[in-house]
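Chain naming here is simple, since letters A, B, ... match the order of the sequence lines and numbering starts at 1 in each. Remember, predicted model here, so these are calculated numbers, not experimental data.
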There are 2 protein chains.
Amino acid sequence: MSTRRPTIADVAREAGVAPSTASVVFSGKTPVSASTQARVRAAADALGYAGPDPLAASLRRGRSGIVGVVFEEHLRSVFSDPVKILTMDGLADGVGEVGAGLLLLRDHDPAETAPTLTTAPMDAAVLIGCSPLLRESLEAVRARGIPVVVIEGDAGEGVPRILLDNREAQRRAATHLHALGHTDVVIVTLPLASDTRAGWISVDAEVRIDVTRERLAGARDVFPDAPTYAAGGSFIDEGFAAGRSIFADESHVPTAIIAQSDLLAAGIVHAAREAGLRVPEDVSVTGFDGVEVDGIAPAELATLVQPAVDKGRAAGRAVTAMLDGRAADSVTLACEFREGNTTAPPRRGARGVHRPG
Amino acid sequence: MSTRRPTIADVAREAGVAPSTASVVFSGKTPVSASTQARVRAAADALGYAGPDPLAASLRRGRSGIVGVVFEEHLRSVFSDPVKILTMDGLADGVGEVGAGLLLLRDHDPAETAPTLTTAPMDAAVLIGCSPLLRESLEAVRARGIPVVVIEGDAGEGVPRILLDNREAQRRAATHLHALGHTDVVIVTLPLASDTRAGWISVDAEVRIDVTRERLAGARDVFPDAPTYAAGGSFIDEGFAAGRSIFADESHVPTAIIAQSDLLAAGIVHAAREAGLRVPEDVSVTGFDGVEVDGIAPAELATLVQPAVDKGRAAGRAVTAMLDGRAADSVTLACEFREGNTTAPPRRGARGVHRPG
DNA sequence: TTGTATGCGTTATCAC
DNA sequence: GTGATAACGCATACAA
């Protein structure tokens, strides 16, 4: 018994044909007579040959059939973020046309052996978000001549982007609050960077994550001086922590809170209830994303519904196009404001601007 | 200007060293003097060399750093199934230790170019579910000498399995209903096969999907003759359709319904309400999975909470072990019954009322 | 229709 | 510490 697996050369020898002939039998690229075909198959069976080695085949033809999907955070967080899940759904759909597999990647890898943005065998890459950190490795990827598409981020010149109208959309929510009469508003943002801690931030704090920056800008277009708390991630628990911090000082409770995600908003609603505040009578809350959040019924968040699935699908199409050698354009998708029931005019006797204590 | 990308050989030539030396500079496997190291790096920069080609490197070293995750259904369905998402989460965690990337695959591919179970460049495979259809391709994979682990399925001899105590768990729910006095029970199952249509099935209908079969067996251990409706998938809408069918005949409404998933159960609750039935006063409902389902509050499903994340993590660990050349054992994880508030003794006047106890 | 020859880009192994 | 060489396993252009 030979210790190594049989190769196509072995099969060819066993069948008494040339390696190229055997190869063609498996790929079907060229007509082969039924008799030799049968001989080759028989030889393959006899030897326990399982078909061409994917790695070798890929090397030879220069394509792996793999599209890398790169996330900024820890990989498992993808599966806890409802928006990302929807986007992946759309992406799977979009690349399905070209029939590629999706390889889940992180930007930099703690372990040594893992495939990363620079070392994964992929034909194209889709970045979800694009921090400055990621932008470096991206340079290497582009040097490899691999098509790249970015969802919600800026990867520089020549990289097609799939975007939302984050700033405009967030401004719409803020305008809605303003029209109701709110002036005493607190903003709760997504993380400022991939490694920041939660807490109150100053007006001129540097925001390294695009989505966060855009949505913040939209809110500040209407409420330039609103105190701002940056969360550590888009989780209900983070929103809850933010809410506790905001409601800690009972003598200064804002009349409205603009959260940059629905999960954050849900946590804030929980915190408000804990503090004995009614939503929206005592405090209005708006979210962002338009995902279904469990556990805050009968509250139904005022939010910006984003086309999460379409985002992924658009990215998939862009990748497909580039792989075909066609050009791909950037796309901006629009969010839709859904009023819900978590906003109302400010309560009577609202105090002045809330200050973090 | 050469039209092709530079290779490590080009870099070596440019730097005036041997290809092997240049290679070592990038891999760091062998000490290299600082000076040559610098020369090589400089040459790489000058040529715009982006590092070793992953495909070629993988071919040479026989490892791609990729773990394939295979699903029975359309790939995008993964992202709409809360249980699978949790399992993926755990899996990402589990393989993270060995630092592998996760490649999402379908078992058979409509398009030609996509990597499939048999053509993807992977070091190991994790199957989620294992239908007879899948079992064929699996043979080919094993022939390639690739370690395989199956979650919730049977892939035959020698393939480690990560299982739930589906039958026992479902029996526990059925026993609970029986103890409450129910005898007039309907079972709503998951799909019988990957392509079946929804509808009532006979007692001896063939069930090709393992999970469905096991859970059905558990329910029938207690209610052998219960009418059974097979859903077309684990969706709220499917449960709703099942419920409508069940409640269509007002003169004969069962006192309890055993659903094989929480999503199905949620749909059944909706259908019950639509039919003017109260849950649990008029009809009891049990689910399976223990995922949070939105929209049925204040109902809280009686269900079997399954350790979805642990399932994935266990699979990841098994893969890691096999990749290290160690043996991996099958694991059976236990579900926990959560009573919720959707079960109660059967309503008066129900056929065949039993005394509780 | 089949066979021949070559290269895809690396890296492991050994000698120096 | 560095270099020569030989695979890794396959697919394709081209000749027969």
Using the rule side chain to side chain contact (heavy atoms under 4.5 Å, CB included), only one of Leu127(A), Leu104(A), Ile128(A) pairs with Val70(A); which is it?
Leu127(A)
Output the distance between atom CG (Leu86(B)) and atom CZ (Arg313(B)), rounded to the nearest 0.5 Å.
10.5 Å
Sequence neighbours left out, what passes salt bridge (Lys or Arg N to Asp or Glu O under 4.0 Å) with Arg13(A)? Give chain and number order.
Asp10(A)
What distance do Ile66(A) atom CD1 and Ser64(B) atom OG have between them, rounded to the nearest 0.5 Å?
7.5 Å
Heavy atoms of chain A, cut-off under 4.0 Å: which first and last nucleotide of DNA chain D, 5' to 3', fall inside that, if you could look?
dG9(D) to dT12(D)
Chain B on DNA chain C: first and last contacting nucleotide, 5' to 3', under 4.0 Å to a heavy atom?
dG9(C) to dA12(C)
Just to be sure I understand the geometry, which residues of residues 16-30 of chain B put a non-hydrogen atom under 4.0 Å away from DNA chain C?
Ser20(B), Ser23(B)
Among residues at least two apart in sequence or on other chains, which ones pass salt bridge (Lys or Arg N to Asp or Glu O under 4.0 Å) with Asp123(B)?
none
Is the shortest heavy-atom distance from the side chain of Ile151(B) to the side chain of Thr87(B) under 4.5 Å?
yes
Value for CZ (Arg41(A)) from CG (Asp45(A)), rounded to nearest 0.5 Å, stands at 9.0 Å
When you compare the side chains of Thr36(B) and Ser33(B), does any donor N or O come within less than 3.5 Å of an acceptor on the partner?
yes
pair Ile146(A)-Arg142(A): side-chain heavy atoms closer than 4.5 Å
no
Separation of Arg61(B) CZ from Ser27(B) OG (nearest 0.5 Å)
7.0 Å
salt_bridge(Lys311(B), Glu152(B)) N-O dist < 4.0 Å:
yes
First locate atom OG of Ser58(B), then atom CZ of Arg63(B), and finally report the distance between them rounded to the nearest 0.5 Å.
11.0 Å
Neighbours of DNA chain C within residues 33-61 of chain A, by heavy-atom distance under 4.0 Å:
Ser33(A), Thr36(A), Leu59(A), Arg60(A)
